[in-house]
Amino acid sequence: MLSRVADSIYWLNRYIERAENVARFLDVNLNLLLDMPSGMQQQWKPLVATTGDIDLFKERYGDFTAENVIQFLVFDRKYPNSILSCLQSARENARSVREIISSEMWEQVNTFYMLISKAHLDLSLPKLNALLTDVKESSHLFAGVMEATMSHNEAWNFGKIGRFLERADKTSRILDVKYFMLLPASTYVGTTIDELGWMVLLRSASAYEMYRKRSTQHRITPAGVAEFLILDPEFPRSIRFCLFQVERSLHQITGTPMGMWRNTVERNVGRVRSELEYVTIAEIVNAGMHEFLDRLQGQMNVIDQNIFDEFLSRTPIGKKEAAPKAQTQTQSPDQTQGQSPDQSPDQTQGQSPDQSQRQTQSV
Amino acid sequence: MRFDTYEPGDFYDELFIGKDQPRPEGQPLVDRIQALPTGELLLRQEAAQKAMYKLGATFNVYGDEEAEDRIFPFDVIPRIVTVAEWEVLERGLKQRIQALNLFIDDVYHDQKIVADGHIPLELIESAKGFLKPCMGLNPPKRIWCHITGTDLVRDRDGRWYVLEDNMRCPSGISYVLENRRVMKNTFPQVFTKMRIQPVDEYPSRLLETLLCLVPDHIDDPTVAVLTPGIYNSAYFEHSFLAQQMGIELVEGQDLAVVDGYLQMRTTKGLKRVDVIYRRIDDDFLDPKTFRKDSALGVPGLMEVYRAGRVAIANAPGTGIADDKVIYAYVPDMIRYYLGEEPLLSNVPTYLCWRPEDMAYVLDHLGELVVKSANEAGGYGMLVGPHSTLEEQAEFAEKIKASPRNYIAQPTLCLSRVPTILDGNIEGCHVDLRPYILYGEEAYVHPGGLTRVALKKGSLVVNSSQGGGSKDTWVLY
């Protein structure tokens with residue numbers, strides 16, 4: 001299939017998944033705030049910090065009020081990773097591959113976009129909760145429609161890789177938010193508030209019931225939650241699960257048997273995934289949870305770049321070294337606590353860097 | 001809403017001979033509409049519009065950012081063409097396409113028609129669509145215009161005229177197919193009562209036309225639609241046609257010339273492309289040959305084309321025949337190349353480069369329609385009777401400044417079809433764009449796009465100027 005088409009389907013899925021996860025981030029924060037002792041200052045700044053776009057926020061909005069942050073993360077058309085912008089990008093990608101995807105998928109993307117573009121900023125908690133729930137449901141609906149109406153072919157596999165890579169990245173960030181950002185006062189660690197916080201975190205990843213039901217340990221502990229969200233082999237939002245899905249789709253595309261690799265991306269995905277299979281949560285905690293997650297995010301960025309180089313780059317074969325580098329996510333080291341900025345603004349969805357190159361050549 | 005108060009007026013009405021007097025071929029349709037409960041027609045109109053939106057039959061208007069996803073307004077009262085009329089049109093269109101194709105081939109080779117004194121050389125060389133780099137090219141089977149959409153109109157007396165030939169990349173066929181799909185749901189009973197020629201064959205015919213450009217030794221050819229991308233007003237159609245034919249939809253950025261062949265970039269490396277159905281203008285095809293600033297085309301494409309390693313439909317250079325000055329010579333071409341009398345008439349045309357014509361045009365701006373020779377889509381046009389004195393003065397200046405680029409025609413009184421307008425049935429002016437495919441032989445698709453001017457009294461039917469469309473029923 002055309003590289004551009006694969007690129008569009010990959011990003012279509014990433015953007016839908018990203019919109020869903022921004023909604024999850026907001027949801028966890030809103031819920032944590034409700035459980036805070038009254039009188040504590042509302043914590044909105046850490047949420048923006050996790051996006052990596054804190055400077056942009058300060059410049060455009062100034063104060064970290066609930067209203068500003070929600071406007072920024074949900075409705076801001078000029079901020080490329082707001083829910084609305086993600087959906088707009090998803091829709092444009094879908095439009096460019098309409099002849100490839102099913103019409104039901106197109107309709108769902110369209111409806112999803114309309115839902116948010118017609119919504120208005122409303123700070124009342126029930127309205128906001130309803131909106132965030134709608135976003136999550138619409139994303140699930142899209143995934144379901146894609147599962148049920150599109151041939152499970154090469155294009156579908158590229159879409160799946162996009163979705164699961166994005167999800168793995170975001171699960172790591174949700175965990176990181178809780179672990180390092182939302183409860184900065186160490187006095188709370190181990191208190192009731194702390195346990196409530198972990199429950200909220202599980203809920204925001206739709207993981208609460210599944211966590212309770214798992215066979216080994218029912219009690220909610222930080223290490224238990226982290227283990228579940230990072231290493232669980234069966235929970236569909238755990239990082240290990242997501243990376244396994246990425247690997248499987250990748251091998252379906254290339255035809256390489258599982259357990260072997262024939263290109264850089266297969267090797268890198270396989271390496272990360274097998275590490276997650278064998279590492280223990282105690283090792284992770286001892287070495288530093290944040291450091292571990294940070295490294296994982298870096299590895300996933302490399303995988304994204306590998307996928308681009310291997311399949312999506314439009315530079316002719318054999319001239320790969322000429323491909324412009326790092327079209328996608330870049331880990332920027334200067335962020336607070338190494339929190340990687342999610343998508344830097346210049347990363348407008350793989351809008352073909354070599355096209356712009358051509359344009360400058362031809363001018 | 002019924003036809004009881006419908007007044008055909010002093011026009012050629014496609015459905016009524018006179019008040020309360022339907023044309024015989026339209027009787028079942030009129031009966032059906034009359035039998036609908038009050039308000040039902042309007043409901044069906046709304047349902048049809050909704051269905052169009054859902055099908056995604058949308059278009060973009062240049063320079064209108066808000067309206068990215070407008071649907072082309074659709075009216076549920078169809079236009080009917082009898083088989084007797086259709087046969088005349090069909091023969092006339094085939095004749096015209098053959099002559100035009102011979103003309104284009106001649107222009108890019110020996111220019112015999114110029115040597116024999118039928119068309120002045122200056123007119124050809126000054127035509128915007130004339131491309132010097134195409135001289136001497138030999139497209140497969142010497143066919144240049146594989147897909148044409150010819151605009152036809154009828155005057156007050158019911159006579160058909162050719163208004164213009166669109167030879168570069170005529171759009172609209174997707175609406176023909178979608179309109180029909182919607183209409184079958186809107187008036188299923190009428191379809192069983194009337195014998196209407198189906199339109200669904202088009203994608204297969206188009207695919208055959210494209211495949212016949214492939215050299216015999218290629219077994220499994222790759223055929224692709226080349227689109228400027230999602231912001232193009234006709235993107236929906238490009239995507240639709242690629243989907244219906246099951247072929248690739250590519251953008252310039254997907255293509256590259258490598259090792260002397262046109263190749264597309266796939267996830268598994270480069271793949272050769274054998275036929276391009278291009279939906280971008282000649283000028284943009286190859287920045288190495290034509291416009292250097294084009295980011296839509298493929299550098300080096302023309303070289304591959306010249307070497308016969310890729311076929312392009314329509315062939316680059318066909319735009320010469322879209323020039324409205326060249327249009328005026330089509331009847332002469334038919335006589336010259338085919339030795340036949342034209343079966344379809346041109347609208348009488350004043351060519352402003354002729355001093356006597358220009359003088360006449362400047363004196364009669366208030367009655368004529370003035371058109372720029374190279375604009376499409378209803379832009380750059382003056383409809384005399386509907387214009388102000390200032391507009392006329394402005395056009396007079398333009399004409400004097402560049403006589404070669406303007407033509408004028410008498411204002412035809414376009415035929416009308418009953419149309420739902422503001423909750424009533426009103427007569428609205430229409431034209432007809434049939435699509436002609438020219439592969440092994442010329443084929444006229446039975447139907448075509450009926451465009452309707454949805455402003456009361458307006459004569460401009462272009463989608464970009466507030467026009468809409470209707471289904472066209474060619475009867476057996």
Side-chain angles (χ1 to χ4, degrees), chain A residues 1-10 88 91-104 106-107 109-111 113-114 117 154-155 157-158 161 250 253-255 307-308 310-320 323 350-363, chain B residues 53-58 60 66 68-69 174 222 224-225 227-232 235-259 261 263-271 273 284 286-288 290-299:
Chain A
M1 64 185 304
L2 283 173
S3 295
R4 175 181 52 82
V5 169
D7 189 66
S8 288
I9 290 181
Y10 176 82
Q88 193 171 3
R91 182 161 169 263
E92 290 204 352
N93 277 293
R95 193 209 294 275
S96 74
V97 293
R98 272 181 67 171
E99 82 286 1
I100 308 283
I101 61 178
S102 68
S103 52
E104 287 88 349
W106 162 249
E107 278 169 30
V109 176
N110 213 14
T111 312
Y113 168 75
M114 295 299 184
S117 69
E154 191 183 354
N157 277 308
F158 273 108
I161 291 178
L250 191 59
I253 289 165
T254 58
I307 290 170
F308 177 77
E310 183 67 31
F311 303 108
L312 311 180
S313 155
R314 268 147 257 155
T315 313
I317 305 293
K319 291 183 187 166
K320 252 183 196 166
Q351 271 301 352
S352 94
D354 46 342
Q355 184 191 31
S356 48
Q357 194 184 43
R358 267 220 298 278
Q359 274 168 356
T360 43
Q361 275 170 356
S362 56
V363 166
Chain B
Y53 199 82
K54 246 191 132 178
L55 288 167
T58 55
N60 307 331
E66 286 295 301
E68 200 182 279
D69 244 3
S174 57
T222 299
V225 178
T227 173
I230 63 171
Y231 297 109
N232 184 268
Y235 179 76
F236 163 73
E237 178 159 307
H238 308 159
S239 164
F240 176 84
L241 288 174
Q243 187 187 41
Q244 295 295 310
M245 291 188 282
I247 65 178
E248 298 284 351
L249 177 66
V250 300
E251 296 177 14
Q253 50 164 316
D254 297 323
L255 301 173
V257 172
V258 181
D259 300 334
Y261 285 93
Q263 316 232 23
M264 60 183 187
R265 291 153 174 157
T266 77
T267 54
K268 301 201 160 104
L270 295 174
K271 189 167 181 224
V273 179
F284 293 92
D286 178 357
K288 277 192 179 165
F290 306 116
R291 275 177 69 152
K292 303 217 177 335
D293 61 345
S294 167
L296 302 176
V298 189

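Letters A, B, ... are given to chains in the order of the sequence lines, protein chains preceding strands, and every chain is numbered from 1.
- Heavy-atom distances place both the backbone and the side chain of A:Ser96 under 4.5 Å from chain B.
- With a 4.5 Å cut-off on side-chain heavy atoms, A:Arg95 and B:Tyr231 do not count as touching.
- Taking CZ of A:Arg4 as the reference point, atom CD of B:Glu251 lies at 4.0 Å (rounded to 0.5 Å).
- Distance check, rounded to the nearest 0.5 Å: OG1 of B:Thr267 to CD1 of A:Ile307 gives 12.5 Å.
- Counting heavy-atom pairs closer than 4.5 Å to chain B, the top-ranked of the candidates A:Leu2, A:Val97, A:Ile253 is A:Leu2.
- From B:Leu249, atom CG reaches atom CD of A:Glu99 across 4.5 Å, with rounding to the nearest 0.5 Å.
- Note that CE of A:Met1 is 12.0 Å distant from NZ of B:Lys271, once rounded to the nearest 0.5 Å.
- The structure places CZ of A:Arg98 at 6.0 Å from CZ of B:Phe236, a figure rounded to the nearest 0.5 Å.
- To the nearest 0.5 angstrom, A:Asp7 atom CG is 13.0 Å from B:Arg265 atom CZ.
- Distance alone, capped at 3.5 Å, is enough to place a donor-acceptor pair between the A:Ser3 side chain and the B:Thr266 backbone.
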